[in-house]
Each structure stands twice: as structure tokens, then as C-alpha cells.
Colleague: 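Sharing a structure with you now.
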Amino acid sequence: MHNLYSVKMRAAQGGPHEAGGRHISGAERIVPAAEVAAAAEMMARRAQEHERGQPDFINIKIESLSGMKIRELTSLPVYTLRAGNCGEGLHLARRVLELTGVDPEAARLAVNCLLEGPAACGRNMRGAVLMDVHTGCRLEADADRGVRVSYMDYHTSAAGELSIKLAGQGLDNEHVKEALCLATKVASITSIKAELCWSDDPGYTTGYVASARLGYVRISPLKEKGSDCGGRVFFIDSRSGRLMETVRQLEKEPCLITALGMINAEMPYQMFVKNISTGRVPDYGLSGE
Ligand code: PML
């Protein structure tokens, strides 16, 4: 894996993000030199066709990753849990967060933070909230900016296989592929205990809880159709003393997914708990569920 480039796009309406423009779309890839032009063209088109609106600012950034160490990862196993409505979905999300070791009050605060949207989480914040796993205290240095995860993609061979596997469960769409890639990078950083996310796209109501121990747990729905509230919360143990190093890894360390975890069929919550307590996640004390 050499001669790779990072290609990133961000688009906004009403001027650049840094001048108060409204975020419309963002994407990123890591590709060989020969695919840079095609990736950039695809991103420009994607920015212009986004359901959140027509951007008047599109930034495409291309950087060589030459000389940088690129970590190779296996994607998290995927689970899907169905809820009767958003309230039930959010309740499930809090329970799964608690299974990862997030304090119940921190889980409640994280859900509220995403429900209340950008105004509560920092105006125009495109990055993620960093929250203490025990206390629910916000840890990011700049609450308006948040923490941005960057420099991640699938290796070409894994991307093809992933599409086939996801299609088998009716999940072969960009939301799932990009979120699974990001969640896998985030979960691979040992100081991060869990992540909560749902999309700010008004038409996309599924979200997830992810962690290295439980996998990528999709929950549907987590929000009402038509709502543009959404975002990400990463839970970190601030007592680890690794806050700055964690932010550096999230924002700067390149990762490529070269192998794939299981893509499971939709299952009830109780079966999910049984699955993780008897199978891949030994020694986790979930048998009381
Ligand atoms: C999925 O269906 O697995 C994706 C859920 C989160 C999507 C986040 C986003 O697209 O902004």
C-alpha cells in the first residue's frame, strides 16, 4: 500500500463553514494516485445532489499520504435492532451504551445532546462531542468545532466484498458503509469506550451505538423523519490521561479497512445480548439481561 492519497470534500450553504455556512455534505476517501481525479469528481457531484440543499461552497482537498504509517483494520461486526418508534429506539440506544460501560447518566446526557441539536452542542458543530464515560462532562477543547474523524476508507478489495455482504441484508448504502468505516476507526482507539450516532439527514432515521467490544449496533429508528438533528458522541475515560493523543489519532492517523467483520441479520435485542454474551465477547457479565 503505497502512493496513496486522501481526498476530502466538505460543502456548505451560505458561505464556508468557518464563516457560518450551513453544513450540507462531507465525504472522504483514501485512493491510489490513479483514482484521485475520479474520486474528486464523484465528491463534487455528491455535494451538488445532496438532499440537505444546494451548496454555494464546496471544498475538495487532496493530500499525499506518502511516508505515513497506515493502520490496517477489520470492520466491526454489524448488528441491527428494530424499535417500534423513536422513543423505544432511544431507550435501546441507552441500554446498549450501558452495556459498553457508559454510565447511565452520561448515556442520557449524550442522547439529549444529539436530540437538542447543534444549538446545544455548539453552533454549526460538524465534529463530534467528546464526553467523559463516567461523568458525562464535555471534553472537546472547542465546543463549536467538535472533534473531526478523518483519514479512513476501505481497501478496494474489502469495499467490493462489503457491498455484496451488505446487499444480502438490504443495507448496501453510503450511510452504512461510511458510518461503519468511521465507527471502526473510532473503536480501534483504545481510549474510546463507545460511540453514539445518528444522521442529520432529514430522511435517514437509523443510528447506532458502536464499541470494540460489542461491534456496530444499528438501531432503527432513532429520530423522526424530517428532523435535521443528529451527530456523534464519543465516550472517553478522561482519567486515562490520553485526551490529546486520542484527538490526534481521530483527526490525523490514516486507517484502511482491509478485512470485514460479520454482517448479521436483524435480530431482537434479547438475542443480540445473548449473542454477545455467549459468543464473541467473553467475560462481559451480560447474563443478567
Ligand atoms: C446505518 O444505517 O448503519 C448508518 C447510521 C448512521 C449514519 C450517519 C450518517 O450517515 O450521517
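We count ligands from 1, going down the list as the structure has it; atoms in each ligand are counted the same way. If you're wondering where the values come from, they're calculated on a predicted model, not measured in any experiment.
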Colleague: For ligand 1, is Trp198 a contact, meaning one of its heavy atoms is under 4.0 Å away?
Modeller: no

Colleague: Is the shortest side-chain N to carboxylate O distance from Glu140 to Arg145 below 4.0 Å?
Modeller: no

Colleague: Which atoms of ligand 1 are found less than 4.0 Å from any heavy atom of Thr206?
Modeller: 2 (O), 5 (C), 6 (C)

Colleague: Which of the numbered atoms in ligand 1 are below 4.0 angstrom from a heavy atom of Tyr204?
Modeller: 1 (C), 2 (O), 4 (C), 5 (C)

Colleague: What residue and heavy atom of the protein are closest to atom 10 (O) of ligand 1, and at what distance?
Modeller: His175 ND1, 2.6 Å

Colleague: Which of these passes side-chain hydrogen bond (donor to acceptor under 3.5 Å, both in side chains) with Ser150: Glu251, Lys8, Lys185?
Modeller: Lys8

Colleague: Assess whether side-chain hydrogen bond (donor to acceptor under 3.5 Å, both in side chains) is satisfied between Arg232 and Tyr208, documenting all intermediate values.
Modeller: CA-CA 10 Å; Arg232 289 188 157 84; Tyr208 66 87; 3.2 Å; yes

Colleague: Between Arg95 and Glu98, does at least one N-O distance fall below 4.0 Å, as a salt bridge requires?
Modeller: no

Colleague: What protein heavy atom sits nearest atom 11 (O) of ligand 1, and how far off is it?
Modeller: Ser199 OG, 3.3 Å

Colleague: Examine Arg218 against ligand 1 and note whether any of their N/O atoms are separated by less than 3.5 Å.
Modeller: yes

Colleague: N/O of Tyr208 under 3.5 Å from N/O of ligand 1, yes or no?
Modeller: no

Colleague: Which of the numbered atoms in ligand 1 are below 4.0 angstrom from a heavy atom of Tyr216?
Modeller: 1 (C), 3 (O), 4 (C), 5 (C)

